[in-house]
Amino acid sequence: MTAPLLSVENLSVSYATRSSVTHALRNASFTLGRERLGVVGESGSGKSTMGRALLGLIPRPGIVTADRMDFAGQSLLQARDSDWQKLRGRRMSMIMQDPKYSLNPVRRIGDQIAETCLLHLGSSRKEAERRALAMLEAVKIRDPDTVFRQYPHQLSGGMGQRAMIAMMLVAEPDLLIADEPTSALDVTVQNEVLRILDDLVQKRGMGLIFISHNLAIVSSFCDRVLIMYGGRILEQIAAKDLAKAQHPYTRALLAAAPSLDQPRDTLATVVRDPAWLE
Ligand code: ATP
Ligand code: MG
């Protein structure tokens, strides 16, 4: 059996202030192959923190510890700044929850995407621009030639999100962490973005970590799902078995999801057990 793309053991992230410590991620252990791994859990459960830790992007004063964090045979725990620079954007990328923070406000969209190709793929300027334009087309931006020359503030939220997705995918990374990548998109564009991500997994063998609040999308789109609560991975389950999950928190999340098939007057409240964090 070949080694997984990503192998994580006991990854923890904490933020200490003078008076308290926030355990944003507690002893997360999982592996990722060339597959679609969904991550669900309520707000504050540590999903984005886990994604950022995997890319070495936890800001000070955050403290990251792990027994193992291997990516494609390389230990990320030993990675220096120069190693991260070679990895991030080229071999591993993250579509951030809010595109506003990922696009440079004073540079044209096309230049930002082309720069990734210049920097990481060593393309010529002409080739980089060609790839950038092709990627804008691939994420179904309607008038890619115009958007290529525009600045981020000239785009709508959904367009900005698609431009950012184009920027993250243009170097064809081996690992993509997508943090709520479709939340600002309408349903048809959402499906198109999912199709692009799926293509990259199927055809190029990319590994995808797909963070979402939408249990219906995760159960139909992903292969496996991690369920998080209070910084812990409570359960790992095949996506097709999500509806049959046994953990009381997962059951509560499923019960709290609104459904068009079975409208209810009141949604169930999630009752939490402190033992889940032990
Ligand atoms: P959401 O669904 O709302 O995006 P999430 O599951 O992505 O939530 P995280 O953003 O990972 O949650 O946050 C997990 C915990 O870590 C939260 O309690 C949050 O307050 C804390 N946290 C995150 N970043 C910092 C920081 N820079 N300093 C202190 N605490 C932080
Ligand atoms: Mg988040």
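Since the model is a prediction, treat every value here as computed from it, not as a measurement. We count ligands from 1, going down the list as the structure has it; atoms in each ligand are counted the same way.
Geometrically, ligand 1 and P59 share no nitrogen or oxygen pair separated by less than 3.5 Å. When only interatomic distances are considered, the shortest N/O to N/O separation between T22 and ligand 1 does not fall below 3.5 Å. At a 3.5 angstrom cut-off on N or O pairs, S43 counts as close to ligand 1.
Atoms of ligand 1 lying under 4.0 Å from at least one heavy atom of H213, given by number and element, are 2 (O). Atom numbering of ligand 1 starts at 1 in the shown order; those under 4.0 Å from a heavy atom of S45 are 6 (O), 12 (O). Less than 4.0 angstrom separates some heavy atom of A24 from each of these atoms of ligand 1: 15 (C), 16 (O). Atom numbering of ligand 1 starts at 1 in the shown order; those under 4.0 Å from a heavy atom of T49 are 9 (P), 11 (O), 13 (O), 14 (C). Residue G46 has at least one heavy-atom neighbour below 4.0 Å for each of these atoms of ligand 1: 5 (P), 6 (O), 11 (O), 12 (O), 14 (C).
The protein atom (non-hydrogen) at minimum distance from atom 4 (O) of ligand 1 is Q97 NE2, 2.8 Å. Nearest protein heavy-atom neighbour of atom 2 (O) of ligand 1: K47 NZ, 2.7 Å. Taking atom 23 (C) of ligand 1 as the reference point, the nearest protein heavy-atom neighbour is Y15 CE1, 3.9 Å. Shortest contact from atom 8 (O) of ligand 1 to any protein heavy atom: G44 N, 2.8 Å. For atom 10 (O) of ligand 1, the closest non-hydrogen atom of the protein is S48 CB, 3.9 Å.
Distance check for atom 20 (O) of ligand 1: every protein heavy atom is found at 4.0 Å or beyond.
Salt-bridge formation is detected for the pair E115/R107: a Lys NZ or Arg NE/NH1/NH2 atom is positioned less than 4.0 Å from an Asp or Glu carboxylate oxygen. With respect to the salt-bridge test (charged N to carboxylate O, under 4.0 angstrom), the residues R130 and E127 qualify.
With hydrogens and angles ignored, the 3.5 Å screen pairs a side-chain donor or acceptor of R251 with a backbone N or O of A245.
Heavy-atom minimum distance, A132 versus A114: CB-N, 3.8 Å.
Note on ligand 1: G41 sits outside its first shell, no heavy atom being nearer than 4.0 Å.
To the nearest 0.5 Å, the span separating CE on M206 from CE on M92 amounts to 12.5 Å. For the atom pair Y15 OH and L25 CG, the distance stands at 9.5 Å (nearest 0.5 Å).
Contacts of L277 classified as side chain to side chain contact (heavy atoms under 4.5 Å, CB included), with partners at least two apart in sequence or in another chain: R26, Y229, R232.
In summary, of the residues considered (V218, V39, L242), a side-chain contact (heavy atoms from CB on, under 4.5 Å) with I227 occurs for L242 alone.
In this model, a donor atom of one side chain and an acceptor atom of the other lie less than 3.5 Å apart for S48 and D179.
Under the 4.5 Å side-chain heavy-atom criterion for Ile, Leu, Val, Met, Phe, Trp and Tyr, L119 and L133 are members of distinct hydrophobic clusters. A continuous path of ILVMFWY side-chain contacts below 4.5 Å connects L77 to W84, so both sit in one hydrophobic cluster.
Take the Mg ion (ligand 2) and draw a sphere of radius 2.8 Å; the protein N/O/S atoms inside it number 2.
Taking the six-membered ring for Trp and thresholds of 30 and 60 degrees, Y151 and H153 have nearly parallel ring planes, at less than 30 degrees apart.
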